[in-house]
> 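Shown below is the structure under consideration.
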Amino acid sequence: MPELPEVETTCRGIAPHIVGTSIDHVLIRDARLRWPIADDLAARLTGQRIVSVERRAKYLIISCDDGFILAHLGMTGSLRITSLEDPVKAHDHWDFMLSGGAVLRYHDPRRFGSLHYIAGPQLQHPLLTSLGPEPLSEAFTGVYLYQLSRRRKQAVKLFLMDAKIVVGVGNIYANEALFAAGIDPRRAAGRVSLRRYELLAAHVKRILASAIERGGTTLRDFVGGDGKPGYFAQELSVYGRANQPCIGCHALLKEVRLGQRTTVYCSTCQN
DNA sequence: AACGGCACCTGGTCGC
DNA sequence: TGCGACCAGGTGCCGT
């Protein structure tokens, strides 16, 4: 899935086409997502004007006149602007037909994504309540990571991927940031120094920003709001490169499982 | 409270 | 060529 850069790319890609339009028609072809799409969602959305689109964590938040649309892309979701002439494919779950003729179409083979509508002036939802800070915000710093990690025995990679600690960092970017910071992903979070957390926070910010500039990472099927893939995959230093030479020291990269997720690192450069 | 593990899905790839 | 095993960008929830 989409990690933060891919969701941000989607957000920026669809925004110019949907903000200011109204939702003329909602077509739910397959309501089976992580949670079934509510039966009344189409009726509640029809006729509303789209005021803005933003990203929070890996969620897209589409603000309308009378409430908020909350969408998550799961592992294989993509949201793009298309037209009515574009043939519908398998796993195209829903369409919003917009004034002006554009269609916002959601595609998700594995169905881990979601779509909710929250009525009212306040964006409040259980899925949003315990999220940590945005990694690209000023609240996310080395000091912050250091303070929250004291006495924690969990591997630092899992700590970094915990959305209660910081949002948006998934498996790809956690691997990359830890490599860049020279930290062994297996190291207990509580045994990483302040100095190294400062390095880690800086690399997380740098790598995410760079990936956003490249339109995200496309491994298989991710496409941005314009339907085009991202180009950050060619910049990856360790993700997907187990048993290949480290770009720094040329030793072969190692692979381990941490929290059921494949973890790749250099045992020479990371400790 | 913190942590590990499972579950939810489809589809692509790999080895036999 | 076919088939089963395994893996994949996430995350809520369960049990310990």
Side-chain angles (χ1 to χ4, degrees), chain A residues 1-11 29-37 55-60 70-79 89-93 106-116 125-132 135 147-178 185-191 204 207-208 211-212 214-224 229-236 238-243 255-264:
Chain A
M1 137 158 202
E3 298 184 36
L4 183 149
E6 292 73 43
V7 181
E8 182 66 27
T9 296
T10 299
C11 184
R29 289 190 195 81
D30 184 352
R32 299 173 305 162
L33 291 178
R34 178 160 193 190
W35 295 281
I37 299 171
R55 179 193 57 73
R56 167 73 176 116
K58 295 172 189 166
Y59 291 96
L60 282 166
L70 185 63
H72 197 289
L73 305 181
M75 289 276 263
T76 51
S78 58
L79 193 53
K89 298 187 192 129
H91 313 299
D92 282 346
H93 284 80
Y106 182 75
H107 177 83
D108 187 1
R110 286 178 74 184
R111 298 196 255 132
F112 289 167
S114 61
L115 179 67
H116 289 97
H125 195 279
L127 292 171
L128 301 175
T129 49
S130 56
L131 294 177
Q147 288 175 346
L148 281 193
S149 63
R150 290 311 85 187
R151 296 171 163 228
R152 295 189 71 150
K153 294 173 185 171
Q154 186 182 38
V156 61
K157 183 188 177 224
L158 297 180
F159 176 72
L160 184 63
M161 290 175 69
D162 183 346
K164 292 190 283 300
I165 305 301
V166 59
V167 300
V169 184
N171 199 32
I172 297 176
Y173 300 107
N175 276 302
E176 294 298 311
L178 287 162
R186 302 167 302 172
R187 176 179 283 268
R191 305 192 65 178
V204 165
I207 290 168
L208 292 177
I212 291 169
R214 302 284 191 290
T217 298
T218 294
L219 297 176
R220 275 165 281 278
D221 47 12
F222 171 77
V223 290
Y231 297 99
F232 194 72
Q234 56 206 72
E235 318 273 325
L236 298 175
V238 289
Y239 181 87
R241 295 194 63 245
N243 304 315
E255 176 175 311
V256 292
R257 306 264 320 160
L258 246 31
Q260 295 94 238
R261 313 307 295 275
T262 297
T263 303
V264 186

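Convention: sequence-line order gives letters A, B, ...; per-chain numbering from 1.
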> Rounded to the nearest angstrom, tell me the gap between atom CG in A:N175 and atom C1' in C:dA8.
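Spelled out: CG on A:N175 to C1' on C:dA8 is 13 Å.
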> Could you tell me the separation between the NE2 atom of A:H93 and the P atom of B:dT10, rounded to a whole number of Å?
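Going from NE2 in A:H93 over to P in B:dT10 covers 9 Å.
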> Crowded around A:R151 CZ? As in, over 12 foreign heavy atoms under 6.0 Å?
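It does not: A:R151 CZ has 12 such atoms or fewer within range.
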> Mind checking whether A:L236 and A:R241 have side chains closer than 4.5 Å, heavy atoms only?
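A side-chain contact is absent here, since even the closest heavy-atom pair is not under 4.5 Å.
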> A:F112 on top of B:dC8's base, within under 5.5 Å and under 30°?
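Stacking is present between B:dC8 and A:F112, given that their ring centres fall under 5.5 Å apart and the planes under 30°.
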> By the 4.0 Å heavy-atom rule, please label A:Y59 as base, sugar-phosphate, or nothing.
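Sugar-phosphate: the residue A:Y59, judged by heavy atoms under 4.0 Å, touches backbone atoms but no base.
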> Please produce a list of atom pairs where a protein N or O lies less than 3.5 Å from an N or O of nucleotides 2-4 of chain B.
unit_1: B:dC3; atom_1: OP1; unit_2: A:K153; atom_2: N; d: 2.7
unit_1: B:dC3; atom_1: OP1; unit_2: A:Q154; atom_2: N; d: 3.2
unit_1: B:dC3; atom_1: OP2; unit_2: A:R152; atom_2: NE; d: 2.7
unit_1: B:dC3; atom_1: OP2; unit_2: A:R152; atom_2: NH2; d: 2.6

> Take atom CD of A:E255 and atom P of C:dC7, then tell me their distance rounded to the nearest Å.
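Taking CD of A:E255 and P of C:dC7, I get 9 Å after rounding.
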> Please examine the side chains of A:P5 and A:Y173, heavy atoms only from C-beta on, and report whether any two atoms are closer than 4.5 Å.
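Counting from C-beta outward, A:Y173 and A:P5 do come under 4.5 Å.
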> Please report the distance separating the P of C:dC3 from the corresponding atom of B:dC9, rounded so that it comes out in whole Å.
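After rounding to an integer number of Å, I get 24 Å for this pair.
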> Check the orientation of A:H116 and A:H125. Use parallel for under 30°, tilted for 30 to 60°, and perpendicular for over 60°.
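Geometry flag for A:H125 against A:H116: tilted rings.
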> So which one's nearest nucleotide on DNA chain B is more toward 5', A:R34 or A:A90?
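Whichever sits nearer the 5' end wins; that is A:R34.
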> Verify whether one side chain among A:T263 and A:R257 offers a donor that lies under 3.5 Å from an acceptor in the other.
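Absent: no donor and acceptor within the cut-off.
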> Using whole Å, what does the distance between atom P of nucleotide B:dC8 and atom CZ of A:R110 come to?
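Spelled out: CZ on A:R110 to P on B:dC8 is 13 Å.
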> Rounded to whole angstroms, how far apart are CD1 on A:I172 and P on C:dT11?
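Going from A:I172 (CD1) to C:dT11 (P), I get 13 Å.
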> Could you work out the separation of B:dG5 and C:dC7 based on their P atoms and round it to a whole Å?
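Nearest-Å result for B:dG5 against C:dC7 at atom P: 15 Å.
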> Using whole Å, report how far NE2 of A:H72 lies from P of B:dC9.
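Rounding to the nearest Å, NE2 of A:H72 and P of B:dC9 are 17 Å apart.
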> Show, in sequence, the C-alpha distance, side-chain angles and deciding distance for A:K157 and A:N171, and conclude whether the side-chain contact (heavy atoms from CB on, under 4.5 Å) test is met.
CA-CA 9 Å; A:K157 183 188 177 224; A:N171 199 32; 2.6 Å; yes
> Answer yes or no: does a side-chain N or O of A:R257 lie under 4.0 Å from OP1 or OP2 of C:dA8?
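True: A:R257 side-chain N/O within range (under 4.0 Å) of C:dA8 OP1/OP2.
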> Would a 4.5 Å heavy-atom cut-off, applied to side chains only, mark A:Q154 and A:I165 as touching?
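A:Q154 vs A:I165: side chains apart.
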> Give the rounded distance in Å between these two atoms: CG of A:L33 and P of C:dT11.
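In whole Å, C:dT11 P and A:L33 CG are 15 Å from each other.
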> Check whether any side-chain N or O of A:R111 sits under 4.0 Å from OP1 or OP2 of B:dT10, and answer yes or no.
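Indeed, a polar side-chain atom of A:R111 lies that close.
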> In this structure, how many angstroms lie between the C1' atom of B:dT10 and the CG atom of A:D30, rounded?
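Spelled out: CG on A:D30 to C1' on B:dT10 is 12 Å.
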> Evaluate the side-chain proximity of A:V167 to A:K58: yes if any heavy-atom separation is below 4.5 Å, no if none is.
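No - every pair of side-chain heavy atoms lies 4.5 Å or more apart.
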> Between the protein and nucleotides 4-6 of chain C, list the N/O to N/O atom pairs that are separated by less than 3.5 angstrom.
none

> Quick one: which of A:T217, A:T10, A:T76 gives a side-chain contact (heavy atoms from CB on, under 4.5 Å) with A:F222?
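Single pass found, and it is A:T10.
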> Scan A:Y173 against the nucleic acid and name what it touches under 4.0 Å (heavy atoms): base, sugar-phosphate only, or nothing.
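No contact.
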> Just so I know, are the side chains of A:I207 and A:E235 near enough to count as touching, which here means a heavy-atom distance under 4.5 Å?
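Answer no - side chains too far apart.
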> Could you let me know what B:dC9 is paired to, Watson-Crick or G-U wobble, both distances under 3.5 Å, or none if it's on its own?
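When the pairing criteria are applied, nothing turns out to pair with B:dC9, so the answer is none.
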